[in-house]
Amino acid sequence: MVNRRFAEKPPMIAIQGACIDFEKEHATIMEFIGGLEWGAHTKAKVECSSAGKALGWDFFMLYFEPEFVEVLLDVYPEINKQEANTLEDRFVLWLAKIMKKKKLDYNLKLKDVPYEQTQGFRLNPDHYRNDEWMERFR
């Protein structure tokens, strides 16, 4: 048997961004996110960290809890009006648009979406049929 360990951190929506100087912009990004928290009247566990440099760009990662995004969805219904397939994609488009309005010009894209981990067969036969039900259809 393999000894597996799963992540102890809750699943997060990962957004990758690019800017010119992350050291200067980090405080501005966190201040903007603080404004979102203030507008939603909640405190969220949002992380912002550097992801390296390349070709004159500083890349960074933003990690949002899915629950915080759901709260923002209640406060800002225009998130659902963005043209994208998933809620996470709509959130990133909305976030980029709001940042541009505040004169924060970052290139954002969705990097990773948390999915429920499943192991094996998901349906439990005891919950959706019983012997009496089977006898009726014979």
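For reference, positions follow the sequence shown, starting with 1. From a predicted model like this one, the values you see are computed outputs, not experimental measurements.
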Which atom of [X] lies closest to which atom of [Y], heavy atoms considered:
| X | Y | answer |
| --- | --- | --- |
| Asp89 | Ala84 | CB-CB, 3.5 Å |
| Lys53 | Asp58 | CG-OD1, 2.9 Å |
| Ile29 | Cys48 | CG2-SG, 4.0 Å |
| Met61 | Ala51 | CG-CB, 4.0 Å |

Close side-chain approach of [X] to [Y], heavy-atom, < 4.5 Å:
| X | Y | answer |
| --- | --- | --- |
| Cys19 | Phe60 | yes |
| Val46 | Glu65 | no |
| Phe64 | Lys45 | no |
| Ile13 | Leu62 | no |
| Phe32 | Leu95 | yes |

In Å, rounded to the nearest 0.5 Å, how long is the span from [atom1] of [X] to [atom2] of [Y]?
| X | Y | atom1 | atom2 | result |
| --- | --- | --- | --- | --- |
| Asn80 | Leu73 | CG | CG | 4.5 Å |
| Ile33 | Thr28 | CD1 | OG1 | 11.0 Å |
| Gln82 | Lys97 | CD | NZ | 4.0 Å |
| Glu88 | Lys111 | CD | NZ | 16.0 Å |
| Trp38 | Lys43 | CH2 | NZ | 14.5 Å |
| Ser49 | Tyr63 | OG | OH | 5.0 Å |

Geometric class of the His26/Phe22 ring pair [parallel <30°, tilted 30-60°, perpendicular >60°]: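 Perpendicular, since the angle between the ring planes exceeds 60°.
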Connected via hydrophobic side-chain network under 4.5 Å: [X] and [Y]:
| X | Y | value |
| --- | --- | --- |
| Leu108 | Leu104 | yes |
| Ile15 | Ile20 | no |
| Phe91 | Leu93 | no |
| Phe59 | Met99 | no |
| Val92 | Val71 | no |

More than 12 heavy atoms of other groups within 6.0 Å of Asn85 CG: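 Atom CG in Asn85 is not packed in, count stays at 12 or less.
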More than 12 heavy atoms of other groups within 6.0 Å of Glu78 CD: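 It does: Glu78 CD has more than 12 such atoms within range.
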